[in-house]
Amino acid sequence: MFHTPGHAEMLARSTHLMTSFGDLTGRRAVVTGASTGIGRAIALELAAAGAAVLVHYARNQTAATQVCREIESGGRTAWLLQGDFHDSA
């Protein structure tokens, strides 16, 4: 079974990236594919740097909702958006 780090653990791991993001207080970010993996980590790091984050997901609403909860537990704003951006052509 895989370990899914909590918000505090993600913040501890991401301090080096937060410095490159700088202070994003008052800014907004859109992260596609934010329910899992790299998208999830980026959404949490942007929130930790101060941004309000729109969390996009295609299929995994449960995971995306959890990302929003983690962002909000850190005192930031999160929105949830479902959409399939795959090119069907």
Side-chain angles (χ1 to χ4, degrees):
M1 177 173 277
F2 292 101
H3 170 69
T4 303
H7 184 67
E9 189 175 343
M10 289 296 294
L11 290 177
R13 289 181 182 179
S14 66
T15 52
H16 67 284
L17 288 175
M18 285 191 302
T19 51
S20 64
F21 283 139
D23 182 12
L24 299 179
T25 302
R27 306 292 298 268
R28 295 177 183 164
V30 175
V31 182
T32 59
S35 62
T36 59
I38 294 170
R40 177 184 184 276
I42 291 170
L44 294 174
E45 290 178 15
L46 288 166
V53 181
L54 186 142
V55 174
H56 162 264
Y57 70 99
R59 293 173 199 83
N60 195 339
Q61 182 178 6
T62 301
T65 300
Q66 181 59 36
V67 172
C68 284
R69 286 187 185 134
E70 289 185 47
I71 290 170
E72 291 169 344
S73 75
R76 303 295 180 208
T77 301
W79 301 278
L80 193 60
L81 174 68
Q82 191 280 328
D84 186 349
F85 295 150
H86 291 99
D87 184 2
S88 60

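Because the structure is a prediction, the values reported are computed rather than measured.
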> Can you tell which of V55, L80, N60 makes a side-chain contact (heavy atoms from CB on, under 4.5 Å) with T65?
Replying inline: L80
>> I need the minimum non-hydrogen distance between V53 and A43, along with the two atoms involved.
In response: CG2-O, 3.7 Å
>> Ignoring hydrogens, what is the shortest heavy-atom contact between C68 and W79? Give both atom names and the distance.
In response: SG-O, 3.7 Å
> Which distance, rounded to the nearest 0.5 Å, do you find between the CD of E45 and the CZ of R40?
Replying inline: 10.5 Å
>> If I compare all heavy atoms of S35 with all of A64, which pair ends up nearest, and what's the gap?
In response: CB-N, 3.6 Å
> Backbone N or O of T77 within a donor-acceptor pair of the E72 side chain at under 3.5 Å?
Replying inline: no
>> For a quick test of reading the model, state the closest non-hydrogen atom pair linking A34 to V67 and the distance between them.
In response: O-CG2, 3.4 Å
>> Please check: side-chain N/O of H56 versus main-chain N/O of V31, any donor-acceptor pairing under 3.5 Å?
In response: no
> Taking all non-hydrogen atoms of both residues, which atom of I71 and which atom of A47 are closest, and how far apart?
Replying inline: CG2-CB, 3.7 Å
> Are Y57 and I38 co-members of a hydrophobic cluster defined by side-chain heavy atoms under 4.5 Å apart?
Replying inline: yes
